[in-house]
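Side chains are part of it too, since the values below use all heavy atoms of this structure and drop only hydrogens, waters and symmetry mates. Quick note on labels: first sequence line is chain A, next is B, and so on, each numbered from 1.
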Protein chains: 2
Amino acid sequence: MARKLSTLDPQRLDNQICFAVYSAAHAFNRVYKPLLDRLGLTYPQYLVMLVLWERDDVPVKDIGEKLFLDSGTLTPLLKRLEAAHLVKRTRSREDERQVMIALTAQGHALKEKARSVPQSILAASDCSVSELVTMKDEIVALRDRLNAVIGE
Amino acid sequence: MARKLSTLDPQRLDNQICFAVYSAAHAFNRVYKPLLDRLGLTYPQYLVMLVLWERDDVPVKDIGEKLFLDSGTLTPLLKRLEAAHLVKRTRSREDERQVMIALTAQGHALKEKARSVPQSILAASDCSVSELVTMKDEIVALRDRLNAVIGE
DNA sequence: CCGAATTAGATTGCGCACAATCTAATTGCC
DNA sequence: GGCAATTAGATTGTGCGCAATCTAATTCGG
């Protein structure tokens, strides 16, 4: 009876989806780390590079919207990517408030070296692609509902 | 054709389950924040309190194993909880290497004030309990497979 | 027993994340 | 045109998260 109650107790750690997501994010990070170390990237930096490999020469704001990050996070991160000669930061001429982020040749070239990363992650997940796609879609839907609540 | 390819491209941001998990974790954090502010806790501190509300007077190591965190994270966090008079840190007498973490009266009392948190999160998730339980179990299974790979 | 290896936790340093605040540029409104 | 409101980034401060290193206590193998 006490056992049955505890598996329903919403205040129990193991019953919380948020902790599942939180701890899964850290587990992913730990799997990515050795792969990204070889590229000289952290995981958030890798995310920024993924954005730029899809579309180059974008304002900081667009990167922030895609990754759900603000300038307080992105400004120093992008300065580090610039120091690593992977991107160039330039004030937009049309709108001087914007800073445009463009890949350098090195930044472009890194895409090839990063090509094997997703399949290494897939292998570590030890899970079929279709299962992962289903889970991903469910998690994205949940995330979007949560983000909708934040905007009231 | 190009469109079809891009929806399969493993190097695309939107195709990566890890980004889904990463961004969902941040979304959860943003939903929790105003709820936890009222308790004077951050989300990781709330997780530690959840552990202690289940079982009091445990060594730091046990907390770390439950939350997948190490002393570099927990030591300063626990010192902040102690400064907030929610826990007491004492060297174990049997094994002087261990530091035991015990709730104060205030720490115990906070459990009642935190009781409404999970249902607020459930409401924000805008999702049935059974759906959430299924997702949670899938995510935990994935996390555990990832963690298994890390330990080689 | 005693020295080596292991273990628990603390410390240092770096890189996010984000709130709050600031500056400068642009837009909107009259 | 001119002033208020908005917008894009930068800055500052706090709190994780983790690698690397350190100390002190305990355990293990001979």
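- Listed in residue order, the members of residues 73-101 of chain A having a heavy atom less than 4.0 Å from DNA chain D are A/Thr75, A/Lys79, A/Arg89, A/Arg91, A/Arg97, A/Gln98, A/Val99.
- Taking 4.0 Å as the cutoff to heavy atoms of chain A, we find the contact window on DNA chain C bounded by C/dG15 to C/dT26.
- Residues of residues 21-52 of chain A that place a heavy atom closer than 4.0 Å to DNA chain C, in numerical order, are A/Thr42, A/Pro44, A/Gln45.
- At distances below 3.5 Å, at least one donor-acceptor pair connects side-chain atoms of B/Glu54 with backbone N or O atoms of A/Leu13.
- Formation of a donor-acceptor pair under 3.5 Å by the B/Thr75 side chain with backbone atoms of B/Gly72 is not found in this model.
- In terms of modelled atom types and a separation under 3.5 Å, the side chain of A/Gln11 and the main chain of B/Lys111 share a donor-acceptor contact.
- Shortest non-hydrogen contact noted between B/Gln106 and B/Ala84 is OE1-O, 4.0 Å.
- Salt bridge A/Lys33/A/Asp37: present, at least one basic N to carboxylate O contact under 4.0 Å.
- Remark: B/Pro59, B/Val60, B/Lys61 in residues 55-70 of chain B come within less than 4.0 Å of DNA chain C through at least one heavy atom.
- Ring orientation note: the planes of B/Tyr46 and B/Trp53 are nearly perpendicular, at an angle over 60° on the 30°/60° scale.
- Side-chain N or O atoms of B/Asp70 include one that pairs as donor or acceptor with a backbone N or O of B/Thr73 at under 3.5 Å.
- Rounding to the nearest 0.5 Å places CD1 of A/Ile63 at 9.5 Å from CZ of A/Arg55.
- You'll find the ring centres of B/Tyr22 and A/Tyr43 inside the 6.0 Å limit.
- Residue pairs satisfying the ring pair (Phe, Tyr, Trp, His ring centres under 6.0 Å) criterion with at least one member in residues 67-121 of chain B, sequence neighbours excluded, are absent.
- Of the charged side-chain nitrogens involved, none lies within less than 4.0 Å of a carboxylate oxygen, so that B/Lys79 and B/Glu82 do not count as a salt-bridged pair.
- Looking at residues two or more places apart in sequence or on another chain, you find a side chain to side chain contact (heavy atoms under 4.5 Å, CB included) between B/Leu39 and B/Leu36, B/Leu41, B/Leu110, B/Lys113, B/Ala114, B/Val117.
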